[in-house]
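Written below as structure tokens is the structure these notes are about.
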Amino acid sequence: MTDKAEATTPPVTDAEPPFRYGARLAGEIEQRWQTWWREHGTYASPNPTGPLSDGFDDITGRAPFFVLDMFPYPSGAGLHVGHPLGYIGTDVYARYLRMTGRHVLHSFGYDAFGLPAEQYAINTGQHPRVTTEANIANMRRQLARLGLGHDTRREIATTDVPYYRWTQWIFKKIFDSWYDEDLDRARPIAELTAEFDAGTRVPSRQANPSGRPWAELDAAARRKVVDGYRLAYLAEGLVNWCPGLGTVLANEEVTAEGRSDIGNYPVFRRPLRQWTLRITAYAERLMADLDLVDWPDSIKQMQRNWIGPSEGAHVTFATVVGSAEGPGAPAGPAVEVYTTRPDTLPGATFMVLAPEHPLVDALTAAAWPGDTPDGWKFGEARPAGVDWTPAAAVAAYRDFAGQRSDRQRGEEFDRTGVFTGAYARNPISGAAIPIFLADYVLLGYGTGAVMAVPAHDQRDFEFARTFGLPTPPVLAPDDAFLAEHGLSSNDPVDAWPVAFSGEGEYLPAPPGAPVLTGLSKADAVKTTVSWLEAAGGGRAARSYRLRDWLFSRQRYWGEPFPIVYDETGLPIAVPDEVLPVELPEMTDFRPTPMAEDDTSDPVPPLARAAGWTTVTLDLGDGPREYRRETNTMPQWAGSCWYYLRYLDPTNAERFVDPEIERYWMQAADGPAGDGGVDLYVGGVEHAVLHLLYARFWHKVLYDLGLVSTKEPFKRLFNQGMIQADAFLDSRGMYVPAAEVTIDPDGAPRHEGEPVTRRSGKMGKSLKNSVTPDEMYDMYGADTLRVYEMAMGPLDADRPWRTDDIVGSHRFLQRLWRNLVDEATGEPRFVDADLDDEANRALHRAILAVRADYAGLRFNTAVARLIELTNFVSKHYGDARRPPRALAEAMALMIAPLAPHVAEELWSRLGHEGSLVREPFPVGDESLAAESTVTLPVQVNGKVRFTLSVPAAAGEDDIRSALTAHEDYAKYTDGKTVKRLIIVPGRIVNIAVA
RNA sequence: GCCCAUGUAGCCCAACGGAAGAGGCGUCCGGUUCAGGGCCGGAAGGUUGGGGGUUCGAAUCCCUCCAUGGGCACCA
């Protein structure tokens with residue numbers, strides 16, 4: 001920042017003409033038109049039906065277009081100039097669309113539940129309801145000054161009780177659904193129980209571990225079975241427990257460093273019973289349907305990475321417990337593993353289960369097999385004097401693994417584990433291979449068990465070396481591998497420093513095994529899978545990195561679950577008539593503080609709400625008392641469906657009227673299920689979390705017939721981030737950027753001391769925030785809008801420079817001065833036709849600006865309008881006035897970018913009312929065309945002279961003009977013209993030898 | 001380590017494979033002005049990150065390296 005930036009007084013002096021476009025006049029114009037728009041409901045978009053349908057008949061013939069901004073949370077710090085970038089972008093585009101015949105829906109709202117709002121409330125010692133409402137009011141004020149054309153009748157906040165009532169209702173729909181793998185869609189749970197009752201479907205072994213027939217199960221047992229099918233279910237699982245926040249977090253809210261996304265507190269893994277949403281049922285569709293949407297490739301790639309599909313096979317291993325051989329050894333349960341390399345199955349020399357694998361107890365032997373090496377017994381954990389059985393060792397190891405699973409990434413992973421005393425039978429080699437537990441195998445991925453092929457997998461290799469297990473190769477390494485590690489093809493596998501995981505020649509197979517010699521890896525995988533399928537020991541399978549979505553939080557400021565429990569402890573959804581389940585008023589809403597090593601269950605704040613935790617309901621068998629669920633939903637819940645509520649925000653009967661939903665969401669022409677929000681603009685930080693969750697909810701609603709499109713957001717656009725310089729003093733502390741001065745040689749100083757410059761996100765922590773309010777005062781909102789759009793492409797990150805914004809202000813000032821007399825305020829125009837040069841300038845600008853607006857290239861649209869303005873300044877200088885047609889076109893063309901000044905110009909040019917729905921000027925190619933063009937003539941790629949020809953000249957005309965040109969002979973005499981390239985209207989290139 | 005994006009004038013950024021420059025900031029010169037600021041007119045400013053290739057012609061397409069930003073990373 002230079003000294004100039006400190007001058008917050010507007011650049012206005014006594015000598016300034018009364019109608020010069022400066023900060024004072026801009027402010028007056030902006031306030032006046034914002035009031036006018038509000039009073040006339042200019043941006044209200046009528047629905048086809050329902051309470052918001054007034055005026056719908058007037059928009060006949062206008063095709064609907066739904067523009068959406070990502071839902072912000074109302075921060076207590078207020079907005080800085082980086083925040084509204086996307087909001088301005090959508091507003092410019094929406095205004096352009098209104099002027100080109102579209103019926104635009106554009107509203108706004110606040111994602112006001114959740115951790116950021118609650119942390120702010122806790123830090124300031126106020127109730128979150130109070131701080132949230134104050135923050136929303138401040139944000140609304142700041143945004144209103146920008147002149148955004150929102151239909152404010154549709155504004156919502158997730159914390160509004162009438163809104164979260166429907167969030168709870170949708171949760172109930174998810175709870176009351178199950179995923180039918182055969183039909184590949186969600187169905188109501190009632191259809192599942194009907195099929196069980198009719199005997200047309202039998203509960204899966206997983207949902208019904210007892211295996212007893214449905215008909216013989218009592219009511220509670222049946223409920224347990226059905227609960228195992230629900231898309232929202234309670235599960236005991238390893239969760240990300242964050243004592244610092246007093247809550248658990250979703251995987252997506254934990255950083256790669258094992259800390260909370262919010263607040264950067266340490267996160268620990270521990271088992272807890274939590275609400276979980278079965279998003280993994282949709283993994284395949286969430287992958288495949290990315291092909292249906294128009295999103296940036298990078299975002300699609302991030303979603304694909306997150307879902308993380310892999311192709312492989314499930315292979316079943318028979319087991320024996322307590323002894324490798326021996327006819328007397330008892331058989332254990334079969335274990336299924338997931339592998340992407342079934343071709344290496346002959347080389348599997350041991351098996352590893354995740355420490356929490358459900359079959360561990362069944363596989364743990366009563367005593368160590370006779371030849372068990374001491375190193376397999378996890379003896380380091382053995383307390384003195386304890387009888388060290390496999391069960392004791394396994395328990396000790398599970399405890400150990402649970403403690404340390406929060407270790408940091410990027411570290412060397414050591415290989416720890418314990419032998420269970422059980423063996424598995426390798427289906428190909430027939431060998432008995434030991435079964436270990438090790439924490440490098442994760443319960444949540446694949447089947448939670450792996451066949452370890454140490455020769456060809458680095459993790460298995462390291463484990464085998466640590467535990468002294470054999471590493472027989474299945475395929476011979478390629479030359480590159482040998483060369484890299486200084487090996488020859490004769491060297492034994494013991495000489496390998498690492499596993500060979502590439503492709504190579506398969507070694508001869510043992511008798512009875514599938515023959516892979518000479519096959520590629522892909523063919524070898526196929527051959528082995530076919531062999532396994534024939535032998536009944538395996539099948540092809542896909543696996544996903546994606547996990548089910550942990551959906552409860554031990555916090556106050558969220559949607560309460562519409563769930564109660566009866567004496568069985570099983571969950572029951574409350575009837576729709578009881579919705580909403582309102583948050584109880586509490587004076588102490590803080591999470592219960594927990595020590596990091598506390599192993600007791602977290603206590604949600606709602607569990608302390610006296611008089612709320614139990615409720616008397618009549619669920620069909622008379623009034624009885626039920627216990628409420630005291631967890632709340634995560635912040636993401638409310639943002640999973642807000643775009644649908646914008647469509648029909650006041651509906652008390654439905655979450656959205658189907659007719660209104662179809663009108664705005666369904667593609668006019670396209671296959672069934674096509675459509676979605678026409679343009680969704682937001683930051684790349686939501687690439688995975690919000691966009692994946694919202695797609696999941698939308699697909700559930702689609703399966704249940706509640707929405708008409710397969711995807712919520714047809715087109716996605718990521719706006720860039722505005723960054724700003726920050727300055728560090730000699731101690732490495734940030735100093736306020738606004739107080740930094742720049743020496744003439746460019747060196748930054750703060751209070752006389754040199755400081756170092758660093759670029760970063762604008763914000764409190766870097767002390768480099770610039771607020772929109774400051775910019776309104778200095779230049780007005782229109783200038784801020786134009787500057788933010790002119791800085792660069794909408795999707796690019798760009799650095800904020802307060803010094804640069806003056807250029808956008810001067811532009812609007814020149815534009816104004818061309819059209820309005822600065823001394824009198826009278827319009828400057830004549831009723832006369834444009835000359836050819838002015839017509840060319842105007843129509844070239846119209847054609848370019850239209851295309852730029854339509855393509856979201858607002859930076860180049862600004863440049864073209866500046867160009868035209870500069871032309872008008874020169875062409876119609878002080879004395880002359882521009883023709884009316886030119887003046888009006890300029891007012892209309894600037895309107896999307898600078899709506900206030902455009903309205904003012906439009907009205908001073910003699911029009912009544914607003915130009916918001918005036919037709920955008922249409923360019924004429926023939927008027928824009930030059931009559932003659934100057935073609936550069938290159939000789940061997942270098943420009944040597946130019947050629948003036950009629951614009952319409954064809955190749956032959958140009959050739960004759962060229963050969964007649966005096967310079968032609970100069971460059972070709974005595975040389976051979978090898979080739980002559982003529983691109984009419986563009987260039988001529990002579991290739992000579 | 002793997003994947004993606006971006007490198008153009010002091011700075012922010014334009015440029016269907018066709019003359020390196022549309023627009024803005026800054027700098028310098030001039031005009032207006034008592035002066036400053038503002039406004040107006042003009043000018044300077046380049047190895048398009050480096051190297052190689054394709055092409056009549058490359059900022060643009062391909063390969064490679066470098067820099068910056070982002071995503072993923074014990075996922076069997």
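Here is the naming used below: chain letters follow the sequence lines, and residue numbers restart at 1 for every chain.
- Note that A:Arg20 lies outside the cation-pi zone of A:Trp816, set by a 6.0 Å cut-off to the ring centre and a 45° limit from the axis.
- Straight-line distance from the CD1 atom of A:Ile805 to the P atom of B:rG23: 20 Å, rounded to whole Å.
- Rounded to a whole angstrom, the distance from the C1' atom of B:rU55 to that of B:rG21 is 24 Å.
- When heavy atoms are screened at a 4.0 angstrom cut-off, A:Gln813 is found touching the sugar-phosphate backbone but no base atom.
- Applying the Watson-Crick and G-U wobble criteria (two distances, each under 3.5 Å), B:rU48 pairs with nothing in any strand.
- Among the nucleotides B:rA22, B:rG42, B:rC72, the one closest to any side-chain atom of A:Ala863 is B:rA22.
- Within the 3.5 Å criterion, the main-chain N or O of A:His875 finds a donor-acceptor partner in the side chain of A:Arg880.
- Rounded to the nearest Å, the gap between the P atom of B:rG7 and that of B:rG50 is 13 Å.
- The distance from atom CD of A:Gln458 to atom P of B:rC75 is 11 Å, rounded to the nearest whole Å.
- Among the atoms of the strands shown, none is found under 4.0 Å from any heavy atom of A:Arg864.
- The shortest distance between the side-chain N/O atoms of A:Arg810 and the OP1/OP2 oxygens of B:rG26 is below 4.0 Å.
- Side-chain N/O atoms of A:Arg547 and base N/O atoms of B:rC75 include a donor-acceptor pair closer than 3.5 Å.
- Put simply, the side chain of A:Tyr397 gets close to the backbone of A:Asp439: a donor and an acceptor are under 3.5 Å apart.
- A straight line from CZ of A:Arg814 to C1' of B:rC25 spans 13 Å, rounded to a whole angstrom.
- Ring geometry for A:Phe500 against A:His456 counts as perpendicular: the plane angle is over 60°, on a 0 to 90° scale with 30° as the lower cut.
- Across all their heavy atoms, A:Ala790 and A:Val862 have their closest contact at CB-CG1, 3.8 Å.
- Checking B:rC40, B:rG41, B:rA76 against every side-chain atom of A:Lys874, the shortest atom distance belongs to B:rG41.
- Applying the 4.0 Å criterion to OP1 and OP2 of B:rU55, one finds that A:Arg979 has every side-chain N and O outside that range.
- Separating the C1' atom of B:rA9 from that of B:rG23 is a span of 14 Å, rounded to the nearest Å.
- Partner assigned to B:rU60 is none, using Watson-Crick or G-U wobble distances below 3.5 angstrom.
- Nearest heavy-atom pair, A:Ala724 versus A:Met762, reported as atom, atom and distance to 0.1 Å: CB-CE, 3.6 Å.
- Under the Watson-Crick or G-U wobble criterion, with both distances below 3.5 Å, B:rU54 has no partner in any strand shown.
- For A:Glu867, taking side-chain heavy atoms from C-beta onward, the closest of the listed nucleotides B:rC40, B:rA22, B:rG42 is B:rA22.
- Between the OH atom of A:Tyr440 and the P atom of B:rC75 there is a distance of 10 Å, given to the nearest Å.
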(request) Scan nucleotides 5-21 of chain B nucleotide by nucleotide, 5' to 3', and note B when protein non-hydrogen atoms come under 4.0 Å of the base, S if they reach only the sugar-phosphate, - if neither. (result) ------SSSS-B-BB--
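- Salt bridge absent: A:Glu788 and A:Arg798 never bring a charged side-chain N and a carboxylate O closer than 4.0 Å.
- Spacing between atom CZ of A:Phe858 and atom P of B:rG23 amounts to 21 Å, rounded to whole angstrom units.
- When distances run from any side-chain atom of A:Met302 to the nucleotides B:rG41, B:rG24, B:rG71, the shortest one goes to B:rG71.
- A 3.5 Å limit on both hydrogen-bonding distances identifies no Watson-Crick or G-U partner for B:rC34.
- Atom pair A:Asp725:CG and B:rC25:P shows a separation of 19 Å (rounding to whole Å applied).
- Atom P of B:rU48 sits at a distance of 11 Å from the matching atom of B:rA20, rounded to the whole Å.
- OP1 or OP2 of B:rC72 has not a single side-chain nitrogen or oxygen of A:Arg304 nearer than 4.0 Å.
- Within the structure, a side-chain polar atom (N or O) of A:Arg459 is placed less than 4.0 Å from OP1 or OP2 of B:rC75.
- On the C1' atoms, B:rA43 is 35 Å away from B:rC56, given to the nearest whole Å.
- Counting non-hydrogen atoms under 4.0 angstrom, A:Asn940 reaches nothing in the nucleic acid.
- Two residues, A:Asn870 and A:Thr339, neighbour RNA chain B, and the one matched to the more 5' nucleotide by heavy-atom proximity is A:Asn870.
- A salt bridge between A:Glu336 and A:Arg539 is present, with a side-chain N of the basic residue lying under 4.0 Å from a carboxylate O of the acidic one.
- Counting any heavy atom pair closer than 4.0 Å across all strands shown, A:Val441 reaches a base atom.
- Checking B:rA43 for Watson-Crick or G-U wobble geometry (two distances, each under 3.5 Å) identifies B:rU27 as its partner.
- Pairing partner, B:rG17: none, since no Watson-Crick or wobble contact has both distances short of 3.5 Å.
- For the P atom pair drawn from B:rC29 and B:rG45, the interatomic distance equals 16 Å after rounding to whole Å.
- Rounded to whole Å, the C1' atom of B:rC66 lies 26 Å from the corresponding atom of B:rA14.
- Rounded to whole Å, atom P of B:rG70 lies 24 Å from atom NZ of A:Lys300.
- Pairing for B:rU68 goes to B:rA5, judged as Watson-Crick or G-U wobble with the two contacts each under 3.5 Å.
- For the P atoms, the distance from B:rU64 to B:rC28 is 46 Å, rounded to whole Å.
- Following rounding to the nearest Å, A:His875 (NE2) and B:rG41 (P) show an atom-to-atom distance of 15 Å.
- Classification of the A:His314-A:Tyr338 ring pair by plane angle, with boundaries at 30° and 60°, yields perpendicular.
- At a threshold of 4.0 Å, the pair A:Arg864-A:Glu867 counts as salt-bridged, since one of the basic side-chain nitrogens sits closer than that to a carboxylate oxygen.
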